[in-house]
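Lettering follows sequence order; numbering is per chain, from 1.
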2 protein chains.
Amino acid sequence: MFIQTVAKQKIPYPMMLRPIGVRTVGHSTKGAVELFGATVPFRRNAEIYGDKEDAEYLYKVVSGSVRTYKVLTDGRRQIGAFYLTGDVFGFEGGDKHTFSAEAVANCLILVIKRRAIVTQASRDLNIARMLWTITAAELQRTQDHVMLLIKTAQERVAGFLLDMAARSPTCDEVELPMPRQDIADYLGLTIETVSRTLTQFENSAMIAIPSARRIAFRNREALSRLRF
Amino acid sequence: MFIQTVAKQKIPYPMMLRPIGVRTVGHSTKGAVELFGATVPFRRNAEIYGDKEDAEYLYKVVSGSVRTYKVLTDGRRQIGAFYLTGDVFGFEGGDKHTFSAEAVANCLILVIKRRAIVTQASRDLNIARMLWTITAAELQRTQDHVMLLIKTAQERVAGFLLDMAARSPTCDEVELPMPRQDIADYLGLTIETVSRTLTQFENSAMIAIPSARRIAFRNREALSRLRF
DNA sequence: CGACCATTTGATATGGATCAAGCGATGTGG
DNA sequence: CCACATCGCTTGATCCATATCAAATGGTCG
């Protein structure tokens, strides 16, 4: 009934699921998050952490991008969020992960011992506030996700594109780091519906699609009207 | 295209939108949340706070129940959460509300100045941790909501019933404080689909419906299998 | 009793899923 | 360098779960 959409399973295990290597960074003074961090590269589709594992680390995207997801028993996959350069992830409040995380493309991830942060937070109110702020931002994002999931396919795709645009450096063109299947699993649609909706937008001159991973905005106004 | 589901608009304004009265509670020593609170009664469907208002207060349900919701420009309403006796709400991280809140039924709400808590938190790490814990619980709940919204109607309704059961004191029967329209707007379904799904469950002897607001479990096992 | 809701039930429509095939880019081996 | 497998994406045809539209039922209160 539902497609098994876990790309991972099509990929030879030892090649994809391991980080490429480890580069220790040590004690940085640049910012609070950087305490005792190590920058670790992950290959495309490599697992960063798994559902139900202990949340031993916090993560910050140095470059590349990351998806978090859950797979239901019947194989349906829901992507919880995409994290781009600069985003922090790996928090879900508790001390167990409730999502799994994978590299969307090859990426560099700053990995910080959670304990280091949490014990620091019990002394330093600024750290405590930072933890709270990150959690609150995550909550906000998740609430927006809920609002997205009750909308029509057009509204979801338009919302997604505008969202990615808002988070990316360039202005009138987005580079999508993830394949269509990831977008579909984030939006609660099928890959076919995502594709069709994009060509629909292209046909009505709202966007151009120079390549599958590049979306250029032609009429952002019209897209925004779809967003609500 | 979409039904206007804002019950509020059908109700004479001055009668429904005001609290019934105010009873000051003063400085309690029972728990951290109770600092400088006042218990305020709200009538059924009365607004507790509005979308985009300053989040000046925090709220705790003393008795009754509360819904938070957003209304899209075209009238679609999404209910974000139901809060039952003992639950804290009115947090969404930032200092503006992103949802509105209404009394589902007549209820008593403990209202606490947010500033009192936040300034307290900047001195007291336990308070700070409590704020974080509440936000994290809210995040967890919202993530579960996302997972619910990608499922089939049967799975959503089954999940909702089991969820309400887990939160209610009684064991093999739930008293639903909210009308079908609220359930529909929480689950991202129509009222007709909710109703049909319930009778379907009744016909397959999973539940009994002695009255519209009472659901008795006959085969919880089978319901759980639908939940995933 | 009769008005008013909330809920259920019935008939039909439809948006998006499913099933299936085609297409274009990338890479690989002969 | 080209034939050809592979993969991600698009396009087409059909189906189905849920929405929509409409009406009946039931419960509550003046």
Using nucleotides 9-13 of chain D, report all nitrogen or oxygen pairs with the protein that are shorter than 3.5 Å.
| unit_1 | atom_1 | unit_2 | atom_2 | d |
| --- | --- | --- | --- | --- |
| D:dC9 | OP1 | A:Arg213 | NE | 3.3 |
| D:dC9 | OP2 | A:Arg180 | N | 2.9 |
| D:dT10 | OP1 | A:Arg180 | NH2 | 3.2 |
| D:dT10 | OP2 | A:Arg180 | NE | 2.9 |
| D:dT10 | OP2 | A:Ser195 | OG | 2.7 |
| D:dT10 | O5' | A:Ser195 | OG | 3.0 |
| D:dT11 | OP2 | A:Thr199 | OG1 | 3.4 |
| D:dG12 | N7 | A:Arg196 | NH1 | 2.8 |
| D:dG12 | O6 | A:Arg196 | NH2 | 3.1 |
| D:dA13 | N6 | A:Arg196 | NH2 | 3.4 |

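- If you take CG of B:Leu176 and P of C:dA6, they are 16 Å apart, rounded to a whole angstrom.
- Rounded to an integer number of Å, the gap from A:Asn45 CG to D:dC7 P is 12 Å.
- A:Lys151 places its NZ atom 17 Å from the P atom of D:dA19, with the value rounded to the nearest Å.
- We find that CG of B:Asp185 is positioned 11 Å from P of D:dA19, with the value rounded to whole Å.
- The distance from the CG atom of B:Leu139 to the OG1 atom of A:Thr142 is 5.0 Å, given to the nearest 0.5 Å.
- Of the charged side-chain nitrogens involved, none lies within less than 4.0 Å of a carboxylate oxygen, so that B:Glu53 and B:Lys96 do not count as a salt-bridged pair.
- Nearest heavy-atom pair, B:Phe217 versus B:Cys171, reported as atom, atom and distance to 0.1 Å: CD1-O, 4.2 Å.
- Between A:Arg44 atom CZ and D:dC7 atom P there is a gap of 11 Å when expressed in whole angstrom units.
- Computed from coordinates, the B:Ile150 CD1 to D:dA17 C1' distance equals 16 Å when rounded to whole Å.
- Shown here are the ring-ring contact (aromatic ring centres under 6.0 Å, His included) partners of A:Tyr59, two or more places apart in sequence or in another chain: A:Tyr49, A:Phe89.
- What separates CZ of A:Arg214 from P of C:dG24 is a distance of 21 Å, to the nearest Å.
- A:Thr133 meets the side-chain contact (heavy atoms from CB on, under 4.5 Å) test with A:Arg129; sequence neighbours excluded.
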Test A:Asp87 against A:Arg167 for salt bridge (charged side-chain N to carboxylate O under 4.0 Å, His left out), laying out the working first.
CA-CA 10 Å; A:Asp87 292 337; A:Arg167 296 168 69 188; 2.8 Å; yes
